[in-house]
Amino acid sequence: MPPSEHELRLRERLSRLRNMPLLGGAKLSGELERLQRQLDRMGEEPTDEEIWRSVELARNEKRPYTLDYVERLLDDWFELHGDRGRADDKAMVAGLGKLDGRTVALVGQQKGRDIQERAERRFGMSNPEGYLKAMRVMELANRLGFPVISLVDTPGAYPGVAAEQHGQGGTIAASQAVMARLTVPTVACVIGEGGSGGAIAIALADRVLMQEHAIYSVISPEGCAMILWRDAGEAKKAAAAFKPDAAHCLELGVIDGIVPEPPGGAHKDPDEAARLLGDAIREVLDELADVPGDELRRRRRARFRSLGVFA
Amino acid sequence: MPPSEHELRLRERLSRLRNMPLLGGAKLSGELERLQRQLDRMGEEPTDEEIWRSVELARNEKRPYTLDYVERLLDDWFELHGDRGRADDKAMVAGLGKLDGRTVALVGQQKGRDIQERAERRFGMSNPEGYLKAMRVMELANRLGFPVISLVDTPGAYPGVAAEQHGQGGTIAASQAVMARLTVPTVACVIGEGGSGGAIAIALADRVLMQEHAIYSVISPEGCAMILWRDAGEAKKAAAAFKPDAAHCLELGVIDGIVPEPPGGAHKDPDEAARLLGDAIREVLDELADVPGDELRRRRRARFRSLGVFA
Amino acid sequence: MAKIDVSVETDDKPVPPPKHPNTCPSCNSHYRDDELEQALWVCSHCGHHFPMRARARIASLADEGSFLEEAADLHSEDPLGFFDLRPYTERLAEAEMKTGLTDAMVIGQASLDGRQCELAIMDFSFMGGSMGSVVGEKFSRACDSAAERGVPLISVTGSGGARMQEGILALMQLPKTVAAIEDLHDSGRAMISVMAHPTTGGVLASFATLGDVLLAEPGALMSFAGPRVVQQLTREKLPDDFGLAEQNLRFGNLDAIVPRPELRPTLSKLLRLFDAPV
Amino acid sequence: MAKIDVSVETDDKPVPPPKHPNTCPSCNSHYRDDELEQALWVCSHCGHHFPMRARARIASLADEGSFLEEAADLHSEDPLGFFDLRPYTERLAEAEMKTGLTDAMVIGQASLDGRQCELAIMDFSFMGGSMGSVVGEKFSRACDSAAERGVPLISVTGSGGARMQEGILALMQLPKTVAAIEDLHDSGRAMISVMAHPTTGGVLASFATLGDVLLAEPGALMSFAGPRVVQQLTREKLPDDFGLAEQNLRFGNLDAIVPRPELRPTLSKLLRLFDAPV
Ligand SMILES: [Zn+2]
Ligand SMILES: [Zn+2]
């Protein structure tokens, strides 16, 4: 059986990575192996229909949110609050907990279930204060040597007047900069919508994962459709064009692995979804546990600096 | 001639410093020498009248303020603005400049000359946003290897509703913590009023100086009089009791040196006052230039950890 | 204008004792001593938190018999020969007599549910919990003890601010305690700060707000400047919850408000998280 | 509700060209080409700053003949085979034709008043200054070039945000440029960011705001989300200066607003301060 076009692309990326002159001599052998492994077990390229199904599943109102995973995965969860000086942004949660007896810090956007909670949490759209809280907790984790888990689930950063005044853009940049400086192991997983700058603010991690039906994108399908087709109704067409699904993100080297979901999507069996997510996070943390902090940081930066396609 | 009581106290402090079991084995030999030198050239203990004269001179409306020294001492001054996200607090100035060809960062409270400027600069009383600006610029200096000069001139931190809401106390603590982490040479000089927490926020430096007629105190004379004598009019008595003058601060080991002023006070000849201040800062920076950053930080912490009198 | 009184850190004097010490100032309920002690000095009717003495606090947190006091013999000196209406030395002697303590902080090693930690507990009864050289030195030694033993530090504060009778040396306890915490942090150990009513002025502006986790008791005043001074200067009506823990939580200055009966289990959980040695 | 359009970083399309390219949109003054060029594309009547092309910007900043372009041959690929109303490859070809550039950023070595620096200059004319893989890679290489040569990096931005035709790879240029700046900072070198109109979305949320010094041109829009999107969502009347440099200065997000004629002397002073090698 000849390799599919999809496999060919993966192999091409693999050979590029092998030949890439990396800064400071970073070794990507771990990354290469992972890519090879993923390549070995991946199937065919997702169809446009499958992509759209992921968009719908990623936004499904019954999909487990950050705190649903926290309560299933972490013992002794202690939520930390506030940015120290302005607010406690409920669109972002942050705290400490134990994963199999190992203390970790966790940050993540949190959508709401009922109408009141949705308003209070702004549908998981953070203000600068939310990112400041996440930054503060990541720095605390770094000081005390705790790994950082980041769960990404946001349509994007909140587009409000005060958010802009308080430096939404600069804060998203600063949060990425904090993550680029950490010397503890970090793993991010997109568990629903990984929307644009609001998502990447907490996703500059050693390993980036996506759940099978999560989406990760530079713009929402509706936003893209509105701009390029002048019609938000063309969202499905837009999604097919910019491919926010996990398989394509893996193919492009943007993520390191796909976390399987229960049949029909995470919301069909949140316990099983949490078990699968927990396994994936544990695997990453075990793998990174013995890497010295400086080396983690060096590789993390090299990883992100290698992303992009140009000639 | 038998030594004065004042000299006796200095000598006592000197012998205590010599015998003090310091943390991490910090060597205070430089500090000892400086104290010895100061002891050699100091005169009699200031009288209550002289203390009160310093209180009045420190608050003299014609006294040179931070920017008056900046324009006389620094070339290529470039003021930096804003705390990144909330405001630009004009009670605190921060920027970069050249002192004899060497780039330095400078932070300092700024009082106003005319009514409008006084209101705008809140008489040199910072909000949390002002300390955040200073912290940001000190961290910038640290990143780029520039020494930090801090000029202290404030009645205290601003006691406002918003200031409290925005974490005035925590921000003053955080600013001290930033200074305790810097690995570049730092020198602070009290050039007028060194009022309480608002002053110490930017005064945790390798070397702390005071101008001859500056005051440095835990509370204003009026505040102290109000609390202890139930009469703000007893301010002079209070000042005599808690001794905020430079000579006493030196004697107590709180400052490392006294910067002379022109006869009659700094306001009588601002150019000469600036020349004298510049000489003192240069001497400190020359002395610290070759000390490794880690060692600077270790000694700085040990210095402040040695302050206090108990049995 | 330079005479505006803004040096307000020490402006919160010891509050006058209530008419009857066991009467709730909030709802006027009366209690017997043993009732209050049983209830951790929390009004069972309205939830008001009475001030809690350092030794009682330690007894309520540390495993029985586990507390090993450190630096118990440190005494204040009188570096300035300070004399207002009375000499500082006399005030100290009186406070010592009244409280049975040598100064406003007690430190020592303890275990909590079997996990080792270091405690630094303030006592507001000793000169309004004001911070002078002894409080600064004790806190600083507590940091070192925690770092040396590799255990987290728990502080409980209640303070009107810096102790003005020690003049500029009182102010120097701010940078001193800050430097000590930075040394503790460099050793990789955590600090948990619990702010009881009131935690103000110089204590708020130094070690109390530098904990990795910031907790407060319900209704605790946590303001740098006292409400009276702020009102004097701004001439605005202050918000009802000005400076209180509840306001601070809303503005992001706190991780949690923990009612006293929940404090021990909360700290126990945090010690588990901070991997405190058993 | 999950369908609210908040992915607005790329929502600021290239502004339509003014009726006559040399007519001031603010005061309607007319200029000849050479007049505008002479005035650095600033309206001498009202001070309006016209967009400035990358090559003209470089000419206005670099010492004559000092600019040595780097990575000039980098071209965008089309990783997604992106096709909206037209193929991405066609849009690229058209932009290249129209601008004479291969993408929206030009980088290279230069001197300014004799001091060495690295320049990374965006061109809004190339697909609205959107950031795709080439802009990210060029900026990243500019950081390395600055670090290797031990000189400060000066960036001038003008961008509608991330280039959505490169999908998720466009978003990845945010962390990529952030990581590059962190490497530059670890080398002890400074970055000066100059934000021209407009600097929005993904460029604002990555390298543009991470400079050690943040400057902006008068009237430059510096918003993460576009005004239209914010208005749509908040349904409030936006402040008149919403997202503009002037508002950002007031809120502490900028060090200074520098009119174009003062930009070169300002940068020259900063290079002196940053000890740029002569
Ligand atoms: Zn009651
Ligand atoms: Zn015009």
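Lettering follows sequence order; numbering is per chain, from 1.
Taking a cutoff of 4.0 Å between a charged side-chain nitrogen and a carboxylate oxygen, Arg301(B) and Asp186(C) qualify as a salt bridge.
When the candidates Ala170(C), Gly252(C), Ala205(C), Gly243(C) are compared by the number of heavy-atom contacts under 4.5 Å with chain B, Ala205(C) comes out ahead. Top candidate by heavy-atom pairs under 4.5 Å with chain B, chosen from Glu137(C), Gln247(C), Gln173(C), is Glu137(C). Comparing Ala177(B), Gly194(B), Ala180(B), Ala240(B) by heavy-atom pairs within less than 4.5 Å of chain C, the highest count is held by Ala177(B). Considering only heavy-atom pairs separated by less than 4.5 Å from chain C, the leading option among Ala241(B), Ala163(B), Pro244(B), Gly192(B) is Ala241(B).
With a threshold of 4.5 angstrom between heavy atoms, Glu182(C) approaches chain B through its backbone and through its side chain. Of the two parts of Gln165(C), only the side chain, counted from C-beta on, holds a non-hydrogen atom closer than 4.5 Å to a non-hydrogen atom of chain B. Both the backbone and the side chain of Ser133(C) come within less than 4.5 Å of a heavy atom of chain B. Contact of Phe83(C) with chain B is made through the backbone alone, with heavy-atom distances under 4.5 Å.
Here Phe310(B) contributes atom CZ and Thr102(C) contributes atom OG1; the two are 12.0 Å apart, rounded to the nearest 0.5 Å. Taken from CG in Leu204(B) to OG in Ser206(C), the straight-line distance is 11.0 Å, to the nearest 0.5 Å. Interatomic distance, CZ of Arg86(C) versus CG of Leu228(B), reported as 11.0 Å (0.5 Å rounding). To the nearest 0.5 Å, the span separating OH on Tyr158(B) from CG on Leu233(C) amounts to 4.5 Å. Distance check, rounded to the nearest 0.5 Å: CD of Gln168(B) to OG1 of Thr209(C) gives 11.0 Å.
Side-chain atoms of Glu164(B) and Phe242(C), non-hydrogen and from C-beta on, do get closer than 4.5 Å to each other. In this structure, Met172(C) and Ile200(B) have side chains that are in contact, with non-hydrogen atoms separated by less than 4.5 Å. Phe242(B) places none of its side-chain heavy atoms less than 4.5 Å from the side chain of Ile168(C). The closest side-chain heavy-atom distance from Val178(C) to Phe304(B) is not below 4.5 Å. For the pair Pro239(C)/Gln165(B), a side-chain contact is recorded, criterion being any heavy-atom separation below 4.5 Å from C-beta on.
Listed here is the closest heavy atom pair of Val218(B) and Ala162(C): CG2-CB, 3.4 Å. Pairing each heavy atom of Val161(B) with each of Glu236(C), the nearest pair is CG2-OE1, 4.4 Å. Contact record, Pro79(C) with Leu252(B): CB-CD2, 4.2 Å, taken as the closest heavy-atom pair. Between Arg305(B) and Asp183(C), the closest heavy-atom pair is NH1-OD2, 2.9 Å.
Listed for the Lys243(B) side chain is a donor-acceptor partner under 3.5 Å among the backbone atoms of Leu80(C).
The number of heavy-atom neighbours closer than 6.0 Å to CG of Asp114(B), taken from other residues, nucleotides and ligands shown, is above 12. Within 6.0 Å of CD1 in Ile115(B) there are 12 or fewer heavy atoms belonging to other residues, nucleotides or ligands.
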### Task
Please lay out, stage by stage, how Phe224(C) and Thr171(B) fare under the test side chain to side chain contact (heavy atoms under 4.5 Å, CB included).
CA-CA 10 Å; Phe224(C) 178 65; Thr171(B) 310; over 6 Å; no
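Among Ile181(C), Leu174(C), Leu210(C), the single residue meeting the side-chain contact (heavy atoms from CB on, under 4.5 Å) criterion with Gln176(B) is Leu174(C).
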